[in-house]
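Quick note on labels: first sequence line is chain A, next is B, and so on, each numbered from 1.
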Amino acid sequence: MDVLIDLQPQMWQAAGETLVIVALTLLFGGIGGLAIGLGLYSSRPGGIMGNRSVFTTLNVIVNVFRPIPFIIFLAAAQPLARLVVGTGIGNPAIIFTLSLAASFAIARIVEQNLLTVQPGVIEAARSVGASPLRILFQIVLPEALGPLVLGYTFIFVALVDMSAVAGYVGGGGLGTFALLYGYRQFNPLVTWAAVLIIIVLVQVVQFFGNWLARKIMRR
Amino acid sequence: MDVLIDLQPQMWQAAGETLVIVALTLLFGGIGGLAIGLGLYSSRPGGIMGNRSVFTTLNVIVNVFRPIPFIIFLAAAQPLARLVVGTGIGNPAIIFTLSLAASFAIARIVEQNLLTVQPGVIEAARSVGASPLRILFQIVLPEALGPLVLGYTFIFVALVDMSAVAGYVGGGGLGTFALLYGYRQFNPLVTWAAVLIIIVLVQVVQFFGNWLARKIMRR
Amino acid sequence: MSIISMTGVNKVYPPRQRGQSEVVALDGIDLTVNKGDIFGIIGYSGAGKSTLVRLVNALETASGGSIVVDGTELVGLRESELRRVRLGIGMIFQQFNLFSAKTVWGNIAYPLTVAGVSREKQTARISELLHFVGLADKAHSYPDELSGGQKQRVGIARALATSPGILLADEATSALDPETTDEVLTLLQRVNREYGVTIIVITHEMEVIKRIANHVAVMEAGRIIESGPVFEVFSHPQTAASKRFVNTVVNSAPRDKELAALVERHPGTIISVAVNDTDASQSEVIRHLIQREVEFELIHGGIDNIQGKTFGTLTFALRGTSDNVRAAIDAVSRFANVEEVA
Amino acid sequence: MSIISMTGVNKVYPPRQRGQSEVVALDGIDLTVNKGDIFGIIGYSGAGKSTLVRLVNALETASGGSIVVDGTELVGLRESELRRVRLGIGMIFQQFNLFSAKTVWGNIAYPLTVAGVSREKQTARISELLHFVGLADKAHSYPDELSGGQKQRVGIARALATSPGILLADEATSALDPETTDEVLTLLQRVNREYGVTIIVITHEMEVIKRIANHVAVMEAGRIIESGPVFEVFSHPQTAASKRFVNTVVNSAPRDKELAALVERHPGTIISVAVNDTDASQSEVIRHLIQREVEFELIHGGIDNIQGKTFGTLTFALRGTSDNVRAAIDAVSRFANVEEVA
Amino acid sequence: GGNKETVRLGVVGASDSQWKIFIEEAAKEGIDVEVVDFQEYTQPNPAVSEGEIDLNMFQHIIYLAQYNVDSDDDLTIIGSSAIYPLGLYSTKYDDVKDIPEGGVVSVPDDPSNQARALLVLQAADVISLKNGGSPFSTLADVETDKSRVTVKALGAAFTATSLPDVDAAIINNDYVEDAGLTADDVIFQDDPEDESALPYINIFVTRAEDKDNETYRKLVDIYQTSQPVLDAVQKNAGGTAVFVQTPVDQLNKSLAQTEKDYAASK
Ligand SMILES: Nc1ncnc2c1ncn2[C@@H]1O[C@H](COP(=O)(O)OP(=O)(O)OP(=O)(O)O)[C@@H](O)[C@H]1O
Ligand SMILES: Nc1ncnc2c1ncn2[C@@H]1O[C@H](COP(=O)(O)OP(=O)(O)OP(=O)(O)O)[C@@H](O)[C@H]1O
Ligand SMILES: [Mg+2]
Ligand SMILES: [Mg+2]
């Protein structure tokens with residue numbers, strides 16, 4: 001118990017770091033994933049800008065990067081991280097690498113959700129002479145917004161989980177905190193205190209996501 | 001290069017192990033996740049068996065387990081693994097724990113995809129006097145099958161990635177192989193050879209998933 | 001013997017966004033449908049017709065009032081009990097609501113499966129229905145490969161599959177060509193006569209009401225503003241809305257532009273005479289015209305049969321000396337409903 | 001001056017599952033629509049009507065043949081060029097295809113946004129359209145809060161929003177009550193007359209053709225089996241299909257059960273006489289009957305106006321000595337198209 | 001060999017070449033060894049406790065002491081293998097003195113290695129620890145005002161890859177050769193011969209009730225005496241390993257002492 005009280009400042013700092021890491025990752029990875037996902041959706045054969053070679057290329061790229069074990073990806077991406085964010089360790093590096101990895105997962109989630117948009121609606125948009133980009137952004141995205149919100153909520157939770165490995169490259173956050181001060185020290189109280197905060201955070205976000213999706217989908 | 005040739009037998013064995021781990025996890029976690037996902041979908045307020053307390057309970061459970069950093073979850077679930085599969089280490093334990101963890105992620109994917117089913121179709125099923133279970137299994141699942149296939153494909157890839165941590169508890173597989181013989185030994189050739197097999201495996205499965213989903217959705 | 005009866009039924013959709021007001025879709029509905037009736041419901045778009053029938057099989061729950069179907073009060077019933085009620089009710093949806101993951105065959109099979117019909121019996125029944133709706137060659141097509149009317153026909157076959165005791169048909173022929181409509185109506189009439197199926201038909205095609213309904217209710221803004229046997233409502237519509245509906249189907253006096261065109265082509269006096277079994281007979285009318293040496297020509301309107309009764313409005317252009325014309329009109333007016341329209 | 005012309009157009013849907021055969025939806029279509037036409041297309045469900053109009057704005061690509069719209073050959077055109085063509089074409093979809101994530105307002109605004117209309121102009125135009133289709137109070141509702149007819153009206157407003165030069169209306173009034181249908185048809189007629197908008201209307205309601213179309217094409221199994229000015233096709237339908245369609249709208253000879261009912265109520269001889277401007281005049285018919293002392297009663301049918309021409313079939317029950325009746329029929333037969341139906 | 005005789009040995013890094021040789025050597029003596037790999041230091045001890053493996057060989061005395069105290073366990077030592085000096089490496093500087101004021105040094109993030117690393121850094125005179133430091137010091141014990149560098153904890157495998165990002169890094173023997181470094185790259189390390197290094201002796205560990213198991217003792221013996229095994233170990237350690245055959249009693253005494261110290265430090 002005492003340990004926990006001693007560690008309180010670190011724990012709250014870690015909570016803050018988790019929020020920052022996950023929020024920024026969701027932002028960058030979210031945008032990257034959205035872009036790739038939109039690309040996959042619209043280039044798919046029979047899609048609004050059907051183009052088999054673009055689709056295959058994107059598909060292969062996503063499939064190449066998604067399954068690489070994250071710790072290997074983390075190490076392999078260090079040189080790139082140094083180029084882009086100036087360092088291979090610490091929070092900037094972990095945010096960079098997580099964003100990159102998350103992009104590919106988000107791309108699939110986006111692709112899947114866009115595919116549930118009714119073809120008739122897209123036809124209606126085509127019939128008024130809308131360009132593929134307009135259709136994508138003004139019709140397809142709004143139509144799929146409810147499921148997309150749920151998809152991004154899903155990814156948020158996955159990112160919280162993934163960010164626990166931040167510690168490998170000197171990043172912070174609650175997951176790292178739980179591992180370093182709790183788990184590695186065989187200190188269950190600390191472990192579960194940190195996990196509890198993570199869980200509360202996730203509950204709040206998931207409830208918010210559900211609420212938002214329900215509002216958007218009106219069901 | 002020589003190393004790689006030496007390690008060939010281990011590598012192919014690891015590939016086999018990955019297949020077994022991921023396949024079994026997808027099976028057990030897939031069923032578990034389907035069950036929880038169906039529960040979330042049908043108990044959601046306004047759903048086909050709307051029940052706020054069941055929904056909230058399930059929702060909280062999923063949110064509690066999903067964000068726990070996997071390595072902590074792995075350790076925490078060891079006693080349970082010992083009870084269920086008789087051991088806390090090795091492939092049986094990793095399959096058990098991965099299945100458990102995957103269930104919660106799959107549950108969300110299932111829930112999301114089921115939510116895209118058109119309300120009118122469910123109404124039609126209700127109008128013929130079908131029971132909620134019938135509607136769930138005979139209408140909702142088939143209607144959502146295309147997106148579900150893509151969702152399960154997504155999870156398959158995620159599992160391949162997650163299974164790399166099998167090594168933490170003495171499990172095998174390509175991820176572990178890559179980490180152990182390649183990455184930890186700073187032997188890039190071995191690392192990337194293993195990763196390459198993973199990628200090829202994932203490509204094949206993703207292409208199959210896409211093909212199947214397209215066949216089912218007919219778009 | 002009433003099979004469906006509603007008393008004081010309301011349905012309010014609460015506002016979904018701030019700033020919106022609630023929508024009162026049904027407002028104090030009292031309605032009785034007798035066993036074996038073919039009960040037509042007409043009314044303007046948005047009047048609440050679909051909402052009303054959706055209450056009958058409890059797809060929607062009423063905000064207030066009582067709904068008794070086949071002796072069972074639906075309001076307050078548990079979902080599992082409602083299910084039993086629904087087994088005896090078939091529904092044709094305005095928007096079709098086909099199962100997109102099932103073939104045409106699978107769509108029609110579903111209610112049979114739910115009702116526990118054996119596979120062999122299903123096969124026979126489905127084939128029969130497919131032939132009836134003319135989709136035998138589309139049995140293995142999916143809904144997204146069908147034309148609008150084909151989809152609607154699948155919906156009809158699905159609703160009829162289990163031979164339910166009550167059939168709710170929400171614009172069941174709205175996407176069908178006249179010939180197919182005719183066949184569907186004939187079938188509805190047959191199941192009604194042969195099996196005593198009670199049918200509620202919502203339609204905006206007055207032809208449908210005219211052809212098969214025995215009772216009709218007219219809805220406006222969530223209320224039933226008029227209701228009664230078809231012949232009565234059609235021959236003596238009480239409300240403005242009913243009159244407009246009736247006018248579209250029975251041969252009626254020409255209006256507005258139509259009248260203007262007629263006036264241009266037929267100088268002289270133009271009269272419209274309402275004719276039906278209970279009122280005037282047109283032979284008599286014509287006899288009077290001829291007796292008074294008035295030349296006449298039927299320029300608009302005609303005679304129809306509703307529920308076996310003659311029915312119509314004839315518009316004649318009259319030519320002759322103004323005295324003769326006057327006399328003729330007076331004579332006819334004595335026994336018939338005459339309107340001098342020009 | 002042709003604005004749409006199709007030559008030898010085919011559309012084949014390849015089989016999607018093994019064991020299925022391909023669907024030939026259109027089979028050698030030749031069609032010319034002139035600028036300013038209101039061109040009606042009728043035909044049985046599944047005949048290929050929707051497929052045909054979807055080729056006009058290239059939502060579907062033809063399997064063969066040539067399609068020229070407003071001087072541009074569509075076949076082989078790139079998507080970006082097709083887009084320009086589509087800007088000038090409005091389409092009302094059979095299944096409405098509303099944007100479910102946009103309000104009624106947003107649905108109607110979308111084509112305006114695509115066409116680059118300024119926000120202020122949009123507001124004015126949308127308000128105008130909303131009032132016209134009677135949905136001013138639903139401006140901020142979402143499609144899933146609308147009744148069937150309300151959805152259809154949103155689809156109509158959306159198609160009209162940019163005042164396109166060509167309007168494709170696929171069953172545009174199928175979910176509307178007669179009154180609203182009337183208003184929509186009046187509007188279509190107005191935009192056609194005032195702005196020279198060319199309109200293709202697909203419909204199964206012959207009333208719609210009768211009221212607004214000047215040309216009509218009849219489709220069957222992917223082919224156009226008959227085509228011409230409405231009056232001609234209606235007065236002298238050449239094919240069995242056309243005859244059946246025409247029968248449903250113009251007062252025609254009674255058939256089958258209807259006839260049986262009439263026979264029961266009117267013993268004696270029953271004749272049907274086709275009457276129209278170019279053929280017989282009914283005054284003459286009646287004069288002959290009276291001259292021969294045959295008592296008669298108009299028991300079915302009537303007179304109508306199509307494109308300003310009189311038109312109809314009258315069915316009379318005749319009573320009198322059989323010689324007189326015979327003589328009367330013979331006399332009338334000499335100048336009119338008489339059918340002895342019973 | 002027969003299944004009955006199979007001994008399960010837990011290690012971290014089964015890919016190290018000595019294990020293959022060790023299995024062969026044991027087989028010659030009729031013992032069937034299965035090497036079970038764990039990628040995390042946290043796992044092999046509980047696995048022994050649960051009887052899922054028979055013994056393990058991956059840790060030093062301090063790590064075991066902390067584990068026993070924290071997890072309330074009584075795992076025991078049945079033999080020693082080697083002691084590895086812990087080194088400070090840099091690709092930027094050849095001498096500790098060149099590390100600039102305010103520089104960053106990365107250290108492993110597992111508790112025992114981290115404390116040892118801090119002691120190394122204190123000995124190298126780039127940081128100062130509260131109360132002179134102990135094998136249980138944490139990052140919190142670094143007296144920042146008296147230290148020249150900032151210490152950053154990373155996963156043990158990542159201290160090596162972090163060299164481009166930091167001024168120097170403490171790298172475990174396990175990763176030295178693998179990272180393409182050699183003992184020559186070391187700019188500072190602790191002294192394996194020093195008495196204070198005793199608790200860093202790597203050990204074979206099993207359950208208390210099995211401490212006299214003949215087969216297990218035999219395996220320790222094979223390890224300590226087989227030259228091919230030792231050569232492989234040495235090669236893997238980049239030539240830094242110092243093999244020791246400390247008596248088991250002395251090892252366990254050190255364990256007991258360390259456990260007491262650790263419990264007191266909590
Ligand atoms: N995507 C498709 N795949 C296969 N067949 C199709 C597809 N779309 C339409 N068809 C078939 O093409 C034929 C013509 O369909 P179309 O929709 O043009 O008919 P329609 O004349 O508009 O009928 P309705 O009046 O019922 O709307 C039908 O037999 C239909 O089943
Ligand atoms: N889910 C809903 N939320 C809010 N309002 C609704 C909802 N469903 C229907 N309404 C409103 O209730 C009223 C009645 O709708 P209903 O569908 O019963 O009309 P209807 O008579 O069937 O019309 P139509 O002939 O156009 O199909 C309409 O004004 C409609 O906008
Ligand atoms: Mg309706
Ligand atoms: Mg159609």
Side-chain angles (χ1 to χ4, degrees), chain C residues 13 16-17 19-20 23 42-46 49-51 94-95 140-142 145-150 152-153 170-171 174-182 204-206 244-245 248-249 251 258 261-262 265 281-283 286 290 295-305 308 310 312 314, chain D residues 13 16-17 19-20 23 42-46 49-51 94-95 140-142 145-150 152-153 170-171 174-182 204-206 244-245 248-249 251 258 261-262 265 281-283 286 290 295-305 308 310 312 314:
Chain C
Y13 291 103
R16 290 213 224 163
Q17 286 121 300
Q20 264 192 337
V23 177
I42 57 178
Y44 295 130
S45 165
K49 308 180 292 295
S50 296
T51 307
Q94 189 171 13
Q95 319 276 332
H140 301 296
S141 295
Y142 284 90
E145 299 168 308
L146 299 180
S147 77
Q150 288 167 341
Q152 189 161 54
R153 287 182 272 160
D170 193 353
E171 305 278 11
S174 68
L176 299 181
D177 58 87
E179 178 90 356
T180 313
T181 298
D182 205 73
H204 62 273
E205 299 169 309
M206 293 307 115
R244 256 170 299 182
F245 278 108
T248 64
V249 61
N251 294 294
E258 216 168 1
L262 289 175
R265 294 171 56 216
S281 124
Q282 15 93 26
S283 323
I286 291 174
I290 292 170
E295 251 186 79
F296 64 94
E297 186 171 7
L298 180 61
I299 56 171
H300 187 269
I303 295 291
D304 220 325
N305 291 282
T310 304
L314 301 174
Chain D
Y13 291 104
R16 290 214 223 163
Q17 286 121 298
Q20 265 193 337
V23 177
I42 58 179
Y44 295 130
S45 166
K49 309 180 292 295
S50 297
T51 307
Q94 188 171 13
Q95 320 274 337
H140 302 295
S141 295
Y142 284 90
E145 298 167 308
L146 300 181
S147 77
Q150 289 167 341
Q152 189 162 54
R153 287 182 271 161
D170 193 353
E171 305 278 11
S174 68
L176 299 182
D177 57 87
E179 179 91 354
T180 313
T181 298
D182 205 72
H204 63 272
E205 300 169 308
M206 293 307 116
R244 257 170 298 180
F245 277 108
T248 63
V249 61
N251 295 294
E258 217 169 358
L262 289 175
R265 295 172 57 216
S281 126
Q282 14 93 27
S283 321
I286 291 173
I290 292 170
E295 252 185 79
F296 65 95
E297 186 170 7
L298 179 61
I299 56 171
H300 189 272
I303 295 292
D304 220 326
N305 291 279
T310 304
L314 301 174

Item checked: Toward chain D, the part of C:Y44 with a non-hydrogen atom under 4.5 Å -> both
Next item on the list: Report the residues that fulfil side-chain hydrogen bond (donor to acceptor under 3.5 Å, both in side chains) with D:E145, sequence neighbours left out, ordered by chain and then residue number.
Entry: C:R16
Item checked: Among the listed options D:L146, D:I299, D:I42, D:V23, the residue most often paired with chain C at heavy-atom distances under 4.5 Å -> D:I299
Next item on the list: Kindly give the heavy-atom pair with the smallest separation between C:P178 and D:F245, and that separation in Å.
Entry: CD-CE2, 3.3 Å
Notebook entry, point to check: Can you tell me how far CD of D:E171 sits from NZ of D:K49, rounded to the nearest 0.5 angstrom?
Noted result: 6.0 Å
Notebook entry, point to check: Any chance the side chains of D:S45 and C:R153 put a donor and an acceptor closer than 3.5 Å?
Noted result: yes
Check: If you take all heavy atoms of C:G46 and D:S147, which pair is closest and at what distance?
Finding: N-OG, 3.4 Å
Notebook entry, point to check: What part of C:Q152 is in contact with chain D, defined as an atom under 4.5 angstrom from a non-hydrogen atom: side chain, backbone, both or neither?
Noted result: neither
Margin query: Measuring from atom CG of D:D182 to atom CZ of C:R244, what distance do you get when rounded to the nearest 0.5 angstrom?
Written below: 10.5 Å
Note to self: Report which part of D:F296 has an atom under 4.5 Å of a heavy atom belonging to chain C: side chain, backbone, both, or neither.
What the structure shows: both
Next item on the list: Under 4.5 Å heavy-atom distance to chain C, tell me which part of D:Q150 shows up: side chain, backbone, both or neither.
Entry: both
Margin query: For C:S50, which atoms come within 4.5 Å of any heavy atom of chain D: side chain, backbone, both, or neither?
Written below: neither
Notebook entry, point to check: Quick one: what part of C:T51 sits under 4.5 Å from any heavy atom of chain D, side chain, backbone, both or neither?
Noted result: neither
